[in-house]
Each structure stands twice: as C-alpha cells, then as structure tokens.
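One structure is given below, encoded as structure tokens.
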Amino acid sequence: MMLTLSRRALMVGGLMLASLLPTMAQDKPVLRFSAVFSEADIRAEMMSMLSAQVADDYTIETYLGGNLFKQGTELVALQRGNLEMGNIAPQDISNQIPAWSVLTSAYLFRDANHLRTFFDSDVGAEFKKMAEDQLGIHIIGPTYFGARHVGLISEKKINTPADLAGVKLRMPGGDAWQFLGSSIGANPTPMAYAEVYTGLQTGAIDGQDNPLPNVENMKFYEVMKQIALTSHLVGFDLLVISKSSWDAMSPEQQAKFEEAAKAAIDFSQNEHVAREAELAERFRSAGLDVYEPDLAAFRSFAQQKYLESDLAKDWPEGVVERINAL
C-alpha cells in the first residue's frame with residue numbers, strides 16, 4: 001500500500017524538524033578558545049588537530065591573534081565565564097598566584113622534555129592543583145614554543161649581561177615578564193606583541209626576546225641585525241579549560257579529551273624543536289649575526305637576581321631543587 005502525504009503534511013513535518021535542529025545543535029557544547037599567537041604559528045595547527053579529534057563531542061571555536069581577548073586578559077575571561085579554553089602564559093597565573101613565579105624564572109627548565117617531565121611529576125601536579133583550586137581552571141598541558149633569545153636592531157655584540165645595560169628590550173607586561181628582562185641585564189620595556197615589529201622598525205625599542213619560530217612567524221628578522229642565543233627561558237604557555245567546562249564532562253569524555261590534547265601537544269613540541277634547529281642557520285643566511293654569548297655568565301647573573309628578589313620569597317621551600325632533580 002502506498003502512503004500518500006499531502007503538501008500540508010509535508011510542510012508541517014518540515015517545520016517540526018526545523019524546530020528540533022537548534023536543540024540538536026546545542027547537544028554538542030561549544031568551547032571558545034582564545035590565543036595571541038597567529039594562524040602561522042605551529043600551535044594553530046595543534047588546535048586544528050585537537051578540534052578534529054574531539055569534533056564528535058565538542059565544537060572548538062578558535063580565535064587567534066588576540067582577536068577575541070588581548071594578551072594577558074584571557075585568564076580573567078576564563079574566570080568570568082566569558083571563555084571556555086585559552087592559551088595562558090604562566091606569567092599571567094603568577095600575577096594571581098605568586099608561588100607560580102618560580103616557573104617563569106630564567107634558566108629553570110633545561111629543555112622541552114624537562115618541562116614536560118615537570119608537569120607530569122608530583123611537584124607539577126601540586127602547581128596544577130593550585131591553579132585549579134584558586135583560579136578555577138584545569139591545566140591540560142604545557143605548550144612549548146621554543147627557547148627565548150635576544151634579538152637586537154644594533155650590531156653591538158652581546159657577550160654578558162653587562163652588554164645589555166640600557167638596552168630597551170621589549171617584554172610583555174606584568175611583573176614576572178618585566179623582571180625576566182632585568183634578570184638578563186636589559187631595560188625591560190612593556191609592549192603588546194602585535195606592536196613589536198613596528199617598535200623595532202622605528203627604534204621605539206632596541207630589541208625583543210622571543211623563540212626563533214616566533215621571530216619567523218612575526219617576521220621580526222626583517223627589522224633586526226642580530227640574535228644572541230641566550231636561551232634564557234624555555235618558552236611555554238598552558239593549554240587550559242575552565243573548571244566548569246571540565247567538570248561538565250564525564251570521566252570518559254575527560255580521558256578522551258586529554259588523550260587528543262596530548263597527541264596535539266606532542267606534535268606541536270616536536271615541530272617547534274625541529275624548526276628551532278633549522279631557523280638559526282636560515283637567519284644567518286638572511287644576513288643576521290646569530291651567535292651564542294657567554295651562557296654561564298647569563299645563567300649566574302640571572303639566578304642571583306632571582307634569589308635576591310622578592311619573587312623568591314613566594315616560592316615553595318625546596319621547589320627549585322625538586323625541579324632540578326627531575
């Protein structure tokens with residue numbers, strides 16, 4: 001027997017189906033992600049990988065280049081419920097949890113692997129719990145983006161911290177960032193990341209400190225004459241999600257999300273390490289003077305500056321020794 005539907009019945013059925021679509025779409029939560037890095041950054045690909053892996057359960061809306069929230073404001077946005085995920089600098093966390101400033105200190109982590117070992121360790125778990133309990137964020141993992149080096153518009157050779165005296169070195173805003181600049185002998189000058197190229201070009205600043213992949217992405221090498229490979233900080237941010245969004249997941253969803261995130265973070269770290277090795281030679285070929293200064297002098301000067309600072313008073317007892325032992 002053939003079933004004949006009237007035109008009116010088809011229209012009513014279509015309207016009923018259409019009315020259900022918004023509800024069906026709402027069944028898959030939207031996680032807004034904000035970061036200051038650009039679309040050319042390796043971490044943009046990292047986020048694309050993560051988004052694809054969790055697409056069955058979540059829609060990750062990615063906002064890059066500080067288009068949704070400016071650098072340094074993402075953490076507050078997460079806390080206020082205006083954002084679900086973010087790429088958060090540890091320096092921003094240290095503004096609210098002073099004990100975290102130890103993780104922003106110069107020459108603490110040896111390399112990317114040491115960084116990951118720390119966050120997977122018992123002492124790393126203690127710091128993650130601090131953030132979760134006090135800030136309402138769940139740290140998924142560290143996103144390594146390269147060792148930070150000093151790039152300058154002058155040709156003056158930099159061998160020790162004394163050679164950076166009076167040099168206006170762009171650093172992000174915030175006490176931890178500014179102290180990092182002074183810990184290597186420079187005169188730290190706050191400036192937004194998006195303004196650094198013009199600042200170098202016009203001479204408003206004498207230099208900047210960033211990992212080599214960032215120098216490439218933002219084309220800073222076009223307006224610099226040298227890069228001193230100081231390696232004063234293992235550069236990393238943190239892939240975080242608001243605690244409310246995390247707690248809304250089932251244990252199975254959390255495990256799946258973390259597994260996908262770990263794979264994406266592994267990809268990003270491996271790509272950054274490989275890119276760093278290539279870029280030093282590429283910048284030399286482009287005409288920049290790329291060299292290694294007296295690292296022992298920089299390390300000794302920086303570590304002494306931190307030990308003498310008020311920042312160290314907030315560090316958990318014995319934490320540096322525990323991290324060094326990892």
Side-chain angles (χ1 to χ4, degrees), residues 75 86-149 161 171-172 174-184 209 211 230-241 243 246 254 258-259 261-262 265-266 268-270 272-273 276 295-326:
L75 178 55
N87 181 71
I88 307 299
Q91 289 80 2
D92 294 337
I93 294 178
S94 74
N95 288 338
Q96 297 189 44
I97 306 178
W100 263 74
S101 65
V102 66
L103 305 185
T104 72
S105 61
Y107 298 105
L108 177 68
F109 295 113
R110 295 184 293 272
D111 52 30
N113 288 332
H114 187 211
L115 172 71
R116 290 290 289 277
T117 298
F118 163 75
F119 276 99
D120 289 337
S121 71
D122 289 343
V123 63
E126 293 169 15
F127 277 83
K128 288 188 285 188
K129 189 175 187 304
M130 280 186 220
E132 186 152 336
D133 291 347
Q134 299 181 43
L135 304 182
I137 58 173
H138 177 80
I139 295 174
I140 299 171
T143 55
Y144 173 80
F145 58 90
R148 298 182 81 96
H149 307 293
M171 304 293 295
D175 292 343
W177 279 117
Q178 295 296 294
F179 191 84
L180 175 63
S182 63
S183 78
I184 57 174
D209 91 307
T230 51
S231 302
H232 53 274
L233 188 74
V234 170
F236 73 97
D237 288 323
L238 297 154
L239 180 61
V240 309
I241 184 170
K243 190 174 184 300
W246 183 251
Q254 290 177 348
E258 285 204 319
E259 182 181 0
K262 182 182 183 299
I265 290 173
D266 285 345
S268 177
Q269 177 175 312
N270 292 337
H272 274 97
V273 170
E276 285 180 288
L295 294 183
F298 271 97
R299 184 178 295 107
S300 176
F301 182 87
Q303 290 178 342
Q304 189 61 36
K305 289 277 285 186
Y306 275 97
L307 289 175
E308 295 172 352
S309 73
D310 289 338
L311 293 173
K313 297 176 182 177
D314 296 313
W315 298 354
E317 185 176 354
V319 67
V320 173
E321 291 76 14
R322 292 175 71 190
I323 294 173
N324 287 338
L326 293 172

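This is a predicted model, so every value here is computed, not measured. Along the sequence shown, residues carry numbers from 1.
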Heavy-atom pair of closest approach, residues [X] and [Y]:
X	Y	result
Asp209	His232	OD2-NE2, 2.8 Å
Glu276	Ala147	OE2-N, 2.9 Å
Ala89	Asp237	CA-OD1, 3.3 Å
Phe145	Pro211	O-CB, 3.1 Å
Ala131	Ile139	CB-CD1, 3.9 Å
Ile184	Phe298	O-CE2, 3.5 Å

More than 12 heavy atoms of other residues, nucleotides or ligands under 6.0 Å from [atom1] of [X]: is that the case?
X	atom1	result
Asp133	CG	yes
Lys128	NZ	yes
Asn95	CG	yes
Glu126	CD	yes

Side-chain ([X]) to main-chain ([Y]) donor-acceptor, under 3.5 angstrom:
X	Y	value
Gln178	Pro172	yes
Gln254	Trp246	yes
Ser101	Ser94	no
Gln91	Thr104	no
Trp100	Phe127	yes
Thr117	Asn113	yes

Nearest 0.5 angstrom please: [X] [atom1] to [Y] [atom2], how far?
X	Y	atom1	atom2	answer
Ile241	Ile137	CD1	CD1	11.5 Å
Arg299	Gln304	CZ	CD	14.5 Å
Leu75	Gln96	CG	CD	5.0 Å
Ser105	Leu180	OG	CG	9.0 Å
Gln303	Leu108	CD	CG	8.5 Å
Asp314	Ser309	CG	OG	9.0 Å

For the pair Leu238 and Ile93, evaluate side chain to side chain contact (heavy atoms under 4.5 Å, CB included) and give the outcome as yes or no after the intermediate values.
-> CA-CA 10 Å; Leu238 297 154; Ile93 294 178; 3.6 Å; yes
Applying ring-ring contact (aromatic ring centres under 6.0 Å, His included), run through Tyr306 and Phe179 and close with a yes or a no.
-> CA-CA 9 Å; Tyr306 275 97; Phe179 191 84; 4.8 Å; yes
Are Arg116 and Asp266 within salt-bridge range, i.e. N to O under 4.0 Å?
->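 Answer for the salt bridge query: yes.
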Is there a side chain to side chain contact (heavy atoms under 4.5 Å, CB included) between Ser231 and Arg148 once you walk through the steps?
-> CA-CA 5 Å; Ser231 302; Arg148 298 182 81 96; over 6 Å; no
Look at the rings of Phe236 and Phe109 and say which category their plane angle falls in: under 30° parallel, 30 to 60° tilted, over 60° perpendicular.
->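 The arrangement is perpendicular - the two ring planes meet at more than 60°.
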When the ring planes of His272 and Tyr144 are compared, do they come out parallel, tilted or perpendicular, using 30° and 60° as the limits?
->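 His272 vs Tyr144 ring planes: perpendicular.
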State whether a side-chain donor-acceptor pair under 3.5 Å links Glu258 with His138.
->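 The criterion, which ignores hydrogens and geometry beyond distance, is satisfied for His138 and Glu258.
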Heavy atoms, side chains only, cut-off 4.5 Å: are Ile323 and Leu103 in contact?
->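 Yes, side chains in contact.
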Take Val234 and His114 through the side chain to side chain contact (heavy atoms under 4.5 Å, CB included) test and state the conclusion after the steps.
-> CA-CA 10 Å; Val234 170; His114 187 211; over 6 Å; no
